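Since we're looking at a predicted model, the values are computed, not measured. Lettering follows sequence order; numbering is per chain, from 1. The analysis underlying the following values was restricted to heavy atoms, covering all of them including side chains, and did not include hydrogens, waters or symmetry mates.
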Number of protein chains: 2
Amino acid sequence: MRDSHRPRQDAERDPLSAGAPAGRRPRLDDVAAAAGVSTATVSLVLRGVAGPSAATRERVLDEASRLGYRPDRAASLLASRRSRLIGVVMDIANPFHAQLVEDVQEAAEHQGYDVVLSAVTRGRDERRAIETLLDSRCEALVLLGPLAPADQLAALDRQLPVVAVGRPVPSAEVDVIRAADDEGVALAVDHLAGLGHRNITYVDGGRGVMAALRRRGYHRAMRTHGLGDLIRVIGGGNTEESGATAAHALLGVDPRPTAVLTFNDRAAMGLLDALIRADVDVPGAMSVVGYDDSPFSRLAHIELTTVSQNIPELTEHAVAAVIERLDGGRTDHREVVVRPRLVVRGTTAPPPDQAVRAPA
Amino acid sequence: MRDSHRPRQDAERDPLSAGAPAGRRPRLDDVAAAAGVSTATVSLVLRGVAGPSAATRERVLDEASRLGYRPDRAASLLASRRSRLIGVVMDIANPFHAQLVEDVQEAAEHQGYDVVLSAVTRGRDERRAIETLLDSRCEALVLLGPLAPADQLAALDRQLPVVAVGRPVPSAEVDVIRAADDEGVALAVDHLAGLGHRNITYVDGGRGVMAALRRRGYHRAMRTHGLGDLIRVIGGGNTEESGATAAHALLGVDPRPTAVLTFNDRAAMGLLDALIRADVDVPGAMSVVGYDDSPFSRLAHIELTTVSQNIPELTEHAVAAVIERLDGGRTDHREVVVRPRLVVRGTTAPPPDQAVRAPA
DNA sequence: ATACTCGTTTCAAGCGCTTTAAAATACGCG
DNA sequence: CGCGTATTTTAAAGCGCTTGAAACGAGTAT
């Protein structure tokens, strides 16, 4: 049955080399036999451990590549004390996570660790994603924007080092690497207030802790600018759709705000979308600020003013936190807060009334 | 030293395995000891294999959950003949792949298979991604939009069942599940020609086989409409950036085309972007059609007319192809071509000259 | 009684690799 | 040339689980 996948490549193999794999995937002892050494030596050579002589080394390496040997991951994992595996949980539909994963993978590799990805999807919740990782012998977990409650994360952390990226966790247990989201929103408010806006509304991001933090940043910044009375938060979410819904709510408000902050870029996109459909000029009649600096936000027909999280810095700290705990013996809790940066593009401008007033 | 208090002292014959898990992760024999049965029985129960009696079953299950037992994946993998693992290679930055992965994961699970994800990123090429999967005991590979040349894929297929999704592979070896890309482009040309366009340019997608197929579709469709003389292909790519570059090339052409087809939505976005910056009215002065029906293409301020690939159908066939080969003993090659669908949105309209001519 | 089922449970041999202690070999030197 | 030491190699004991064969009662037929 499977034979069809394994045509006679035996022909090109040396039939004399003891126990030449006949169609079967070559194993460590095939290489050992071919090179005339023990499996222990082969293992040592292949992992680059000091010990075997240069001559042996070369011979083993030659035979290994000749046989097309590839170590069996499951077996290595099982046999070795350490897996050197870092599990990463991500939302597969989230481009922000994709960027983080790229960087984490690179950084981890650099430190001699391998990354196991576990995706959260529609039909696969975070719990499942984490469990898979746990079963895979991961030594540590990097959770991108985890949704689980703090106590669950804390419980997890008792099993293995856990670092939550991008979301605050109100607990002194898991490591947290995140951007100062409140500050990010404050930057946006500062920018808008500086342009002359006073009636600035915030489109909320839902129940999450991250949403709460951004909302708090909005509240605080508004008050700082003496705009406490104009604080207005309307329900939203983290999707384009929720942004569009929010737009309609927004347009019904009187007096209509001159600027809107959204929880993230996706919501901003949806909002922008709905505003355009409703013939509201952006930024002429209304300014919009997103959050995340997603790849699409810099496209010219969108040109979204947004808040950028420093991804390289975020991942660098995340991997460092893991490594320190795994290799450095660190046991204390750590929370790193990376400063966000406002990226001003085309969706923000002075408010309309001011524009009218100015010439007068 | 091991803990002295153990769950059950009586029915234990083997004093060596008598330790209770002291801080260490519980193993199969911990559960076995606790339930007073052998590890074999526990294994049977946990995997739902028929044999153990209902009473034993319940006792084992109870103890397992009491101890918080989780099977070690590496060990199970190593010990079992089959891994029931399907490896999926994806481009982590590609939202189209993300959608495919979601569906594949769900479908595979439904068939009792697990999915191992391997991401292609900046610093991790397809080769690496595939190797990881090979080392992980995958029984089959699903490659999303593979870049490797056909002969490499064929070689791979000799090791294990491989199905390439979304890209034609000119070889009668690996299974291929793809959309009829030439037909997709033809649909777009039909649409544009129907609107009255004649000067329709195609922005190419690079060297890939998929790009070649779409390009061919363009050529053929143009000739079908008697527009063979107006065929014009300009260099492009699969990113926003390449689309923007193409736009500039496009604007230098005389006579300027009234419609453009792009290799994919991302290129269309970049193109749209550049057109807007150049004050070209879309679709008034120029119509634009993308390809992929990406989530963002349906946003109102984009409203991209595009060609949709039938994702659910694509993944359904992909998983079916794998299962049939793994479980059904199929050995022959298969190529499934799913028909694309044109999604008309706001970036296409009759050409400008015609609009002028009509009222006259 | 014996033999022969059958349902349940266990034995024990791995899966393919790592790792440690110990053995074999090589080396240096009086 | 023997002995201590450093270098290289290996035997063997697992890692935690699965699995076919064997064992074990307890029925049932003979």
Whole-Å distance separating the [atom1] atom of [X] from the [atom2] atom of [N]:
| X | N | atom1 | atom2 | result |
| --- | --- | --- | --- | --- |
| L28(A) | dG14(D) | CG | P | 19 Å |
| R59(B) | dT9(C) | CZ | C1' | 11 Å |
| R24(A) | dC15(C) | CZ | C1' | 12 Å |
| R73(B) | dT18(D) | CZ | C1' | 16 Å |
| L77(A) | dC15(D) | CG | C1' | 10 Å |
| L46(A) | dT19(C) | CG | C1' | 15 Å |
| R82(B) | dG14(C) | CZ | P | 23 Å |
| D72(B) | dC15(D) | CG | P | 12 Å |

For the side chain of [X], counting heavy atoms from C-beta on, which of [options] is nearest?
| X | options | value |
| --- | --- | --- |
| A75(B) | dT8(C), dG16(D), dT19(D) | dG16(D) |
| R47(B) | dT9(D), dT10(C), dT18(D) | dT18(D) |
| A40(B) | dT19(D), dT10(D), dC17(C) | dT19(D) |

Within the 4.0 Å heavy-atom criterion, would you say [X] contacts the bases, only the backbone, or no part of the nucleic acid?
| X | answer |
| --- | --- |
| T41(B) | base |
| S43(A) | base |
| R137(B) | sugar-phosphate |
| R81(A) | sugar-phosphate |

For DNA chain D, whose closest nucleotide is more 5', that of V49(B) or that of L78(B)?
L78(B)
Do S43(A) and R47(A) have side-chain N/O donor and acceptor atoms under 3.5 Å apart?
yes
Just N and O in the side chain of [X]: are any of them under 4.0 Å from OP1 or OP2 of [N]?
| X | N | value |
| --- | --- | --- |
| T56(A) | dT8(D) | no |
| S80(B) | dC15(C) | no |
| R27(B) | dC15(D) | no |

Carboxylate-amine/guanidinium contact D135(A) R25(B), below 4.0 Å
yes
Tightest non-hydrogen contact, residues L314(A) and I177(A), listed as O-CG2, 3.4 Å
Checking V89(A) against V142(A) for the side chain to side chain contact (heavy atoms under 4.5 Å, CB included) test, could you report, in this order, the C-alpha distance in whole Å, the side-chain angles of both residues, the deciding distance, and whether it holds?
CA-CA 6 Å; V89(A) 174; V142(A) 173; over 6 Å; no
Consider side-chain hydrogen bond (donor to acceptor under 3.5 Å, both in side chains). Of R84(A), R73(A), Q105(A), which one does D114(A) pass it with?
R73(A)
